[in-house]
Amino acid sequence: MGEHMRMLRIRDESVKSKRLAPGTFRRVAGFAKPYTGGILWFLLLVIFSSVLVVATPLVFKMIIDDGVLKGDSSLVTWLALLVALIAFVEAALTLAQRYLSSRIGEGLIYDLRTQVFSHVQRLPVAFFTRAQTGALVSRLNSDVIGAQRAFTSTLSGVVSNLISVVLVAITMVALSWQITLLAFALVPVFLLPARWAGRRLAALSREQMQVNAELSTTMTERFNVGGAMLVKLFGRAADEDVEFSDKAATVRQLGVRIAMSSRIFFSALTLVAALATALVYGIGGHLAVDGSLTVGTLLALAALMSRLYAPLTGLSNVHVDVMTALVSFERVFEVLDLPSMIQEREDAVPVPPDSASVEFDHVRFRYPGADEVSLASLETVAAPNGTPNTEVLTDITFRAEPGQLVALVGPSGAGKTTITNLVTRLYDTTGGTVRIGGVDVVDATLDSLHDVVGYVTQDAHLFHDSIRNNLRYARPEATDTELVTVLRAAQIWDLVAGLPDGLDTVVGDRGYRLSGGERQRLAIARLLLKAPQIVVLDEATAHLDSESEAAVHRALDTALAGRTSLVIAHRLSTVRNASQILVIDDGRIVERGTHDELLALGGTYADLYSTQLAPAAVG
């Protein structure tokens, strides 16, 4: 049964028409180069194992013809011991092959996964805004594993099957050309059910994988905190049960059909094998009776024929197997070849650690298109981007001096967050220059830029980990004393100290075990631990209640003290003391000045400020 399962490995026939990118073979060979020695030893063991395929039937022949029929009990004993020895050698070879294949395969998986992970980590944020997470993770899992099969199961299968078929065929011809012709005449009868079952199982398995992927997506979305809350708040639990039950039922039905198709194949295989054996014994038996064939030869031929069909079936699909492995490699290479728009120059210079000025010099920006930052194969549910990207920032010019607080205000979608993204080089400008401490950010080393600039978003992200580890993400070597200091400064130590597990408290998925204000104060504590010279705040208090907002603002007073700050303000009352207020509208700076100057101007800022004050006055 195990041998039959290997023969019936699910194959996707569609890969036969796939055209590989130029240079794929060369790159695959490059990945295999560190394992050349192991691969050669592995192939030698495979060849030796294939030779032993014909050894045992030939020894059986000698036991019958030269030992049993001639009454030589001593020879029977020695040959029986030889059979046992061959069995031990085959077992040892199997273990050695398994060891080498696992070393080679797992090594390739390690190399591919680490390279893909490292590369993806350095892709721009624009990539992650478009790529489907599940498809990306699949490249690190199923495609990487599919690629490593090229050097383990596929390579060994091709070599082993080819040598086995040749040796078995030669041996059978040498023993009886008549029986050999009969064996090959039955090959088509044997292959037909295998091909039928393979095509049917491939179609069913693709459908099953698709529905399983939908089930996985449903569970992933519903089992995180946000999805679970949405289901409960809208009272959709019963509807979700029905939808999930329908998909699970489809998987169940497909599983039954796959099981029955497999059983039909195995039954057909058994019938054909039994027919072949009956014919061999029938025709061979007559030849043995006539004296033109020995009994031992007859038994050896029967044993050899049983070892002929399996490798022939494997070789009949070798093109699909090889292409499947190479396509997996190509899909991995697709990700590795996706260039990162944010590159560190070879002659990059570090930003001085005491740099604290921010300067925008006639900056223009448009968001990159899908063809620049992503792969169509990773956007299976994304709508095509048929319109050209237009500029979202035009001629942005300002300077924040060391220690100053510069506020960005304006309507949603005006371009405020985009400006802050350029400071941290999440994106690069399409025109103009952004400077930190007088150094063009494009010319700066990324590590020094990240050291100088700290960022707190309106939805502070926390990992599903302890408070201690979330804080130490900013500085892994920080001591508990330092953690307590920044937690006090962020106005949240009393809360953490009161928790049963203190710093070891796990914050939950995305920090959902904490309130919005608590997450923001932890994010501020993490910022303080990093201690950057420049702080960027993207509406850090936009969605907080008044009590949480007051606590966060007390924490921000500490965080911003003595630092250059670029703050996106939702509530204008929070930035009245800003050194400079920039009013952004439609990607342009339409007004600039202090709070009093802009109120006196009576323009956009004054209108926004009066609009926000009106509800308060009514209340």
Side-chain angles (χ1 to χ4, degrees), residues 124-126 128-129 342 356 358 360 363 365 367 392-393 396 398 400 404-429 434 436 441 449-450 452-463 470 473-474 490 510-511 514-545 548-549 551-560 563-589 605 608 612:
V125 170
F128 297 97
T129 63
I342 310 300
V358 179
F360 276 59
V363 168
F365 178 74
Y367 282 103
V392 294
L393 294 180
I396 300 295
F398 70 91
Q404 284 189 340
L405 189 156
V406 174
L408 305 177
V409 303
S412 297
K416 305 184 295 296
T417 297
T418 303
I419 291 174
T420 62
N421 287 342
L422 297 179
V423 175
T424 52
R425 211 184 167 200
L426 295 178
Y427 297 92
D428 277 340
T429 66
V434 179
I436 301 293
V441 294
L449 184 63
H450 298 155
V452 170
V453 181
Y455 204 115
V456 177
T457 63
Q458 60 179 297
D459 184 19
H461 185 84
L462 298 176
F463 294 115
N470 270 286
Y473 199 74
R510 301 183 185 182
L514 305 173
S515 70
E518 291 163 354
R519 289 198 300 272
Q520 287 295 75
R521 280 178 279 168
L522 277 181
I524 293 168
R526 185 167 56 191
L527 177 78
L528 291 171
L529 192 64
K530 181 179 179 181
Q533 294 297 312
I534 299 168
V535 174
V536 178
L537 301 177
D538 186 354
E539 296 188 303
T541 62
H543 305 303
L544 304 181
D545 57 71
S548 296
E549 182 183 5
V552 170
H553 272 295
R554 289 195 297 271
L556 287 175
D557 290 340
T558 303
L560 302 181
R563 294 183 169 92
T564 306
S565 309
L566 200 60
V567 179
I568 296 177
H570 176 72
R571 296 184 177 90
L572 303 184
S573 59
T574 63
V575 294
R576 285 180 297 186
N577 296 324
S579 306
Q580 183 180 191
I581 298 174
L582 305 177
V583 182
I584 313 298
D585 194 7
D586 196 24
R588 300 174 181 271
I589 299 177
Y605 180 83
L608 289 172
Q612 288 193 9

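Only this structure's heavy atoms are used, side chains among them; waters, hydrogens and symmetry mates stay out. Index from 1, following the sequence.
Under the side chain to side chain contact (heavy atoms under 4.5 Å, CB included) criterion, Thr417 pairs with Thr420, Asn421, Tyr455, Asp538, Ile568, sequence neighbours left out. By the side chain to side chain contact (heavy atoms under 4.5 Å, CB included) test, Thr429 is found to be paired with Val363, Leu422, Val434, residues two or more places apart in sequence or in another chain being considered. Residues satisfying the side-chain hydrogen bond (donor to acceptor under 3.5 Å, both in side chains) criterion with Arg425, sequence neighbours excluded, are Asp428. A search for side chain to side chain contact (heavy atoms under 4.5 Å, CB included) contacts involving Ala407 returns Leu405, Val575, Ala578, Ile581, not counting sequence neighbours. Residues meeting the ring-ring contact (aromatic ring centres under 6.0 Å, His included) test with Phe365, sequence neighbours left out: Tyr367, Tyr427.
The minimum heavy-atom distance linking Thr564 with Ala400 is given by the pair CG2-CB, 3.9 Å. Arg563 and Ala531 get closest at one heavy-atom pair: NH2-CA, 3.5 Å.
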Original post:
Could you walk me through whether Phe398 and Ile419 pass the side chain to side chain contact (heavy atoms under 4.5 Å, CB included) check?
Top reply: CA-CA 11 Å; Phe398 70 91; Ile419 291 174; 4.2 Å; yes

**OP:** Show your reasoning for whether side chain to side chain contact (heavy atoms under 4.5 Å, CB included) applies to Val406 and Val567.
**Re:** CA-CA 6 Å; Val406 174; Val567 179; over 6 Å; no

**OP:** Show your reasoning for whether side chain to side chain contact (heavy atoms under 4.5 Å, CB included) applies to Val583 and Ile589.
**Re:** CA-CA 6 Å; Val583 182; Ile589 299 177; over 6 Å; no

**OP:** Let me see the working for Leu537 and Leu566 under side chain to side chain contact (heavy atoms under 4.5 Å, CB included), right down to the final yes or no.
**Re:** CA-CA 6 Å; Leu537 301 177; Leu566 200 60; over 6 Å; no

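Within 6.0 Å of atom CZ in Arg588, 12 or fewer heavy atoms from other residues, nucleotides or ligands are found, so the atom counts as exposed in its surroundings.
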Which side-chain N or O atoms in residues 522-530 pair as donor and acceptor under 3.5 Å with protein atoms at least two apart or in another chain?
residue, atom, partner, partner atom, Å
Arg526, NH1, His461, O, 3.4
Arg526, NH2, His461, O, 2.9
Lys530, NZ, His450, O, 2.4
Lys530, NZ, Val453, O, 2.7

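Taking 4.5 Å as the limit, every side-chain heavy atom of Val456 sits out of range of all side-chain heavy atoms of Val536. In this structure, Val409 and Ile584 have side chains that are not in contact, with every pair of non-hydrogen atoms separated by 4.5 Å or more.
The list of salt bridge (Lys or Arg N to Asp or Glu O under 4.0 Å) pairs with a residue in residues 410-423, not counting sequence neighbours, is empty. The salt bridge (Lys or Arg N to Asp or Glu O under 4.0 Å) pairs that include a residue from residues 574-585 number zero, where partners must be two or more places apart or lie in different chains.
At least one donor-acceptor pair closer than 3.5 Å links the side chain of Arg519 to the backbone N or O of Leu514. Without hydrogens or angle criteria, Asn470 side chain to Leu462 main chain gives no donor-acceptor distance under 3.5 Å.
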